Amino acid sequence: MPHTDPAPFSTVERLQDTFAAADYIADRALALTVKLAADLGKPMLLEGEAGVGKTEVAKVLSRALDTPLIRLQCYEGLDANTALYEWNYARQILHIRIAEQDHESRAHLEKTIFSDQFLLDRPLLAAIRHPGPRPAVLLIDEVDRADEEFEAFLLEILSEYQVTVPELGTFKAAHPPYVVLTSNRTRELNDALKRRCLYLWIDYPSPEKEREIILRRVPGVKAGLAASITTAMQALRRVDFYKRPGVAETLDFSRALLGLGIDELTPEALLDTAGVVLKYRDDIDRLKALGAERVIAGDLDLGER
Ligand SMILES: Nc1ncnc2c1ncn2[C@@H]1O[C@H](COP(=O)(O)OP(=O)(O)OP(=O)(O)O)[C@@H](O)[C@H]1O
Ligand SMILES: [Mg+2]
């Protein structure tokens, strides 16, 4: 949904409304981080467990501001070239073949094949070259999966917002992007990178927030069912599972129950759909051992096995 508020960053409350209009429930801490990041022109680093809504922040921001989302998915072995730009070799070779037939001069040919038309923008260059009018949103997702050398390289880009392509010159961002970095914290990030960013740990949602998310994201779920799902999810997260369920699982669970025509959460319904919420056999066994009725009643203690 394109935003209608001409100044969504003016206050934290307006930002929360802007996010709500895009179906994202942003608590004060998140809205504040987004606002400060925009005000100070700094990237934000969102850390948290899986499925708590980190990636979605960037998506919602781009939708709300009606500006492109440029995504760089990080992985082990990701290198600067893949993230920045590449030359379109296939087109260059084709061009050389044609130019040879036309007896084009070598100097002219060299100049043409290293021109803009043969340059493939990868996410970082695309974000820097984004023509505006509003800055793009650059999502650098799961940065903890990339290698440390890549982090050092990112640091450079994020301090200057400029890139030099030796054959073409330097590009400096006319509209530096809003940058959202996410991490699942599979390893600690470099201090220098952290220092450059505004940091926010996104926790599992409070019961109020979780209920609101369900009602907002899964139309058709009645308030009573949303409340029962919330109680069950909050109880499940108090158990020391191998993998605790996030908001993504809450939404899948809600949709599963809706699809099965269930409007009251019973122990049977929870056990039938346990695979939507828990993804390890041991965790499902533990749920059975604890008793689905206790989960639904919400009476589980911290760390209970
Ligand atoms: N506050 C929220 N309001 C609305 N929807 C939310 C909220 N938080 C999470 N969600 C929803 O939960 C799902 C998971 O969110 P997302 O993919 O952003 O999680 P993540 O933290 O990036 O997880 P991962 O670490 O697995 O990548 C999405 O469908 C998202 O829309
Ligand atoms: Mg994510």
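If you're wondering where the values come from, they're calculated on a predicted model, not measured in any experiment. Order of appearance sets the numbers: ligands from 1, and atoms from 1 within every ligand. One is the number of the first residue; the rest follow in order along the sequence.
Between G53 and ligand 1, at least one pair of N/O atoms sits closer than 3.5 Å. The distance criterion of under 3.5 Å between nitrogen or oxygen atoms is not met by A50 with respect to ligand 1. Residue I25 has at least one N or O atom closer than 3.5 Å to an N or O atom of ligand 1.
What sits closest to atom 10 (N) of ligand 1 on the protein, heavy atoms only, is V247 CG1, 3.5 Å. Protein heavy atom closest to atom 14 (C) of ligand 1, with residue, atom name and distance, is A248 CB, 3.7 Å. Nearest non-hydrogen protein atom to atom 11 (C) of ligand 1 is L251 CD1, 3.6 Å.
Annotation for ligand 1: atoms under 4.0 Å from non-hydrogen atoms of G51 are 19 (O), 20 (P), 21 (O), 23 (O), 24 (P), 25 (O), 26 (O). Taking a cut-off of under 4.0 Å to the non-hydrogen atoms of N184, the atoms of ligand 1 that pass are 25 (O). Applying the 4.0 Å criterion to heavy atoms of E142 picks out, from ligand 1, the atoms 27 (O). Numbered from 1 in the order shown, with element, the atoms of ligand 1 that lie under 4.0 Å from a heavy atom of D23 read 4 (C).
Using a 4.0 Å cut-off between charged side-chain N and carboxylate O, R187 and D144 make no salt bridge. A salt bridge links R28 with E13; the closest basic N to acidic carboxylate O contact falls under 4.0 Å. D283 has no carboxylate O lying under 4.0 Å from a charged side-chain N of K243, or vice versa, which leaves the two without a salt bridge. A salt bridge between K35 and D39 is present, with a side-chain N of the basic residue lying under 4.0 Å from a carboxylate O of the acidic one.
Because the distance cut-off is set at 2.8 Å, T55 qualifies as a neighbour of the Mg ion (ligand 2) through one of its N, O or S atoms.
Among the candidates T55, L45, L46, the single residue satisfying the side chain to side chain contact (heavy atoms under 4.5 Å, CB included) test with V180 is L46.
In terms of heavy-atom proximity, I113 sits nearest to Q92 at O-NE2, 2.7 Å.
Residues L287 and L236 are in side-chain contact: their nearest non-hydrogen atoms beyond the backbone lie under 4.5 Å apart.
Between W87 and F114, the ring-plane angle classifies as perpendicular under the 30° and 60° cut-offs.
Relative to atom 20 (P) of ligand 1, the option among R217, K54, E49, K209 with the closest non-hydrogen atom is K54.
Looking at I213 against ligand 1, only its side chain comes within 4.0 Å, counting heavy atoms.
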